[in-house]
Novice: 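Would you mind keeping the following structure in view while I ask a few things?
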2 protein chains.
Amino acid sequence: MTDVAALPLPSTVDDHRDCPVTGVLRRVGDKWSVLIISVLGAGPRRFNELHRGIEGLSHRILTLTLRGLEGDGLVSRTVFATNPVTVEYALTPLGQSLREPLTAVAEWALRHRAELEAARRD
Amino acid sequence: MTDVAALPLPSTVDDHRDCPVTGVLRRVGDKWSVLIISVLGAGPRRFNELHRGIEGLSHRILTLTLRGLEGDGLVSRTVFATNPVTVEYALTPLGQSLREPLTAVAEWALRHRAELEAARRD
DNA sequence: CAGGATCCTCTCTGATACTG
DNA sequence: CAGTATCAGAGAGGATCCTG
């Protein structure tokens, strides 16, 4: 495996802000992006399907999060001119490809769940 | 590979808050944690070594970030009773083990850097 | 149905000053 | 050296109401 420490480390403030790794981590570190990617991984969903499927996620934040994911090219937005209008969200190939490294993190978290909870209790 | 969508999805508000995957992502999604893990991956560092080594990272935020990492059991803090006191931070085995999935994300970001930048321009 | 607009709160981040 | 305390700003998150 490649060593994280061997990767180019952002040393200046600008490097850090522009670092693609930093950008990705901040996106998946927000409150709902990963959950939405996860749901869309099972197939395209309409706006209100996503809204109803995720408890605690407000209307507004869903919109903003989808805009962010769309802006990063991870999610596509397709409008169907029905009446009333239908909008379908789906993972792009780029978004699909992100699921693999995300899974690595998720599996790590599940595998070390007990240790994490033990540490947090102290 | 295991499918992210196949992992247990947090469906209620409490599930989401307690989800270990969510917790890990929010930690590594903060501004400095990954960079610090990355630096400590090369070996233990003293407080001011970390501070000097990372431009733009304030005194206070370094303290808070290290407390967070320590609280999650990812970083250890050792005090040496020298005069003045010396404090050494190092990755715990748990912290070391996190570097592997983190590297997967980092490599994904670097591999798809061009696509990400192109998407963000539109 | 799929949102945009407002307003409000809370957390994260940071600058500055002080301490054992 | 390695912090803690205080204060201030920015941004994320959320509730509510309105619209094509």
Side-chain angles (χ1 to χ4, degrees), chain A residues 10 12-17 19 22-36 39-40 44-72 75-90, chain B residues 10 12-17 19 22-36 39-40 44-72 75-90:
Chain A
T12 71
V13 182
D14 286 349
D15 278 355
H16 187 259
R17 200 194 48 237
C19 174
T22 300
V24 169
L25 288 170
R26 289 196 77 113
R27 166 144 311 287
V28 301
D30 81 358
K31 199 165 177 181
W32 301 105
S33 285
V34 169
L35 188 51
I36 290 173
V39 171
L40 290 182
R45 292 286 185 277
R46 302 217 321 277
F47 184 87
N48 277 328
E49 287 179 325
L50 285 170
H51 189 206
R52 277 189 299 271
I54 304 177
E55 190 198 353
L57 172 55
S58 76
H59 205 150
R60 189 180 106 88
I61 298 302
L62 176 57
T63 300
L64 291 178
T65 305
L66 286 170
R67 292 290 169 275
L69 292 169
E70 201 189 342
D72 282 348
V75 161
S76 66
R77 178 175 180 275
T78 311
V79 182
F80 296 99
T82 52
N83 192 318
V85 65
T86 303
V87 180
E88 188 177 272
Y89 292 92
Chain B
T12 71
V13 182
D14 287 351
D15 278 355
H16 187 257
R17 197 193 51 237
C19 174
T22 301
V24 169
L25 288 171
R26 290 195 76 115
R27 167 144 311 290
V28 301
D30 80 358
K31 199 164 177 181
W32 302 104
S33 284
V34 169
L35 188 52
I36 290 173
V39 171
L40 291 181
R45 292 285 186 278
R46 302 217 321 278
F47 184 88
N48 277 330
E49 286 180 323
L50 285 170
H51 189 205
R52 277 190 299 271
I54 303 178
E55 190 200 352
L57 171 56
S58 77
H59 203 151
R60 187 179 111 86
I61 298 301
L62 175 57
T63 300
L64 291 179
T65 305
L66 286 169
R67 292 289 171 274
L69 292 169
E70 201 188 345
D72 282 349
V75 161
S76 67
R77 177 174 180 275
T78 311
V79 182
F80 297 99
T82 52
N83 193 316
V85 66
T86 302
V87 180
E88 187 176 272
Y89 291 92

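By convention in this document, chain letters (A, B, ...) are assigned in the order of the sequence lines, proteins followed by strands, and residues within each chain are numbered from 1.
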Novice: What is the separation between atom CD on B:Glu55 and atom P on C:dA15, rounded to the nearest whole Å?
Specialist: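 Answer to the nearest Å: 11 Å.
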Novice: How close or far is atom P of D:dG3 from atom CG of B:Leu66, stated in whole angstroms?
Specialist: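 So the CG-P distance, B:Leu66 to D:dG3, works out to 8 Å.
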Novice: Can you tell me how far C1' of C:dC12 sits from CZ of B:Arg27, to the nearest Å?
Specialist: 12 Å
Novice: Spell out, as yes or no, whether a donor-acceptor pair under 3.5 Å connects the side chain of B:Thr63 to the backbone of B:His59.
Specialist: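 It does hold such a pair.
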Novice: Please state how far atom CZ in B:Arg77 lies from atom P in D:dC1, giving the value in whole angstrom units.
Specialist: 16 Å
Novice: Can you measure from CG (B:Asp14) to SG (B:Cys19) and round to the nearest 0.5 angstrom?
Specialist: 12.5 Å
Novice: Quick one: A:Arg67 CZ to C:dA5 C1', roughly how many Å, whole number?
Specialist: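 Distance, rounded to whole Å: 14 Å.
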Novice: What is the distance, rounded to the nearest whole Å, between atom CD of A:Glu49 and atom C1' of C:dA2?
Specialist: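 Nearest whole value for this atom pair: 13 Å.
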Novice: Tabulate protein N/O versus nucleotide N/O from nucleotides 11-14 of chain D, keeping only pairs under 3.5 Å, one per line.
Specialist:
from	atom 1	to	atom 2	distance (Å)
D:dG13	OP1	A:Lys31	N	3.0
D:dG13	O3'	A:Lys31	NZ	3.4
D:dG13	N7	A:Arg60	NH2	3.3
D:dG14	OP1	A:Lys31	NZ	2.4
D:dG14	OP2	A:Trp32	NE1	3.0
D:dG14	N7	A:Arg60	NE	3.0
D:dG14	N7	A:Arg60	NH2	3.4
D:dG14	O6	A:Arg60	NE	2.9
D:dG14	O6	A:Arg60	NH2	2.9

Novice: From the list D:dC1, C:dA2, D:dG3, which nucleotide is the closest neighbour of the side chain of A:Phe47?
Specialist: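 The listed nucleotide nearest to A:Phe47's side chain is C:dA2.
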Novice: Using the side-chain contact (heavy atoms from CB on, under 4.5 Å) rule, pick out the option among B:Leu64, B:Leu62, B:Leu57 that qualifies with B:Arg60.
Specialist: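 The side-chain contact (heavy atoms from CB on, under 4.5 Å) with B:Arg60 is passed solely by B:Leu64 among B:Leu64, B:Leu62, B:Leu57.
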Novice: Within the distance-only criterion (no hydrogens, no angle test), does the side chain of B:Glu49 pair as donor or acceptor with the backbone N or O of B:Arg46 below 3.5 angstrom?
Specialist: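 Between the backbone of B:Arg46 and the side chain of B:Glu49 there is a qualifying donor-acceptor contact (under 3.5 Å).
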Novice: In whole Å, I'd like the distance from the CD atom of B:Glu88 to the C1' atom of D:dA2.
Specialist: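 Rounded to whole Å, this separation is 14 Å.
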Novice: Would you call the rings of A:His16 and B:Trp32 parallel, tilted or perpendicular, taking 30° and 60° as the class edges?
Specialist: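 A:His16 vs B:Trp32 ring planes: parallel.
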Novice: State which of D:dA2, D:dG20, C:dG3 makes the closest approach to the side chain of B:Val87.
Specialist: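 Taking heavy atoms from C-beta onward, the closest nucleotide is D:dA2.
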Novice: For the residue pair A:Arg77 / A:Tyr89, report whether a side-chain donor-acceptor contact shorter than 3.5 Å exists.
Specialist: yes
Novice: Scan B:Tyr89 against the nucleic acid and name what it touches under 4.0 Å (heavy atoms): base, sugar-phosphate only, or nothing.
Specialist: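 The residue B:Tyr89 makes sugar-phosphate contact but no base contact.
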Novice: Let's test your reading of the model: under 3.5 Å, does the base of C:dG14 pair with the side chain of B:His59 as donor and acceptor?
Specialist: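 Flag unset: no donor-acceptor pair detected.
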Novice: Hey, is the main chain of B:Ile61 close enough, under 3.5 Å, to the side chain of B:Thr65 for a donor-acceptor pair?
Specialist: yes
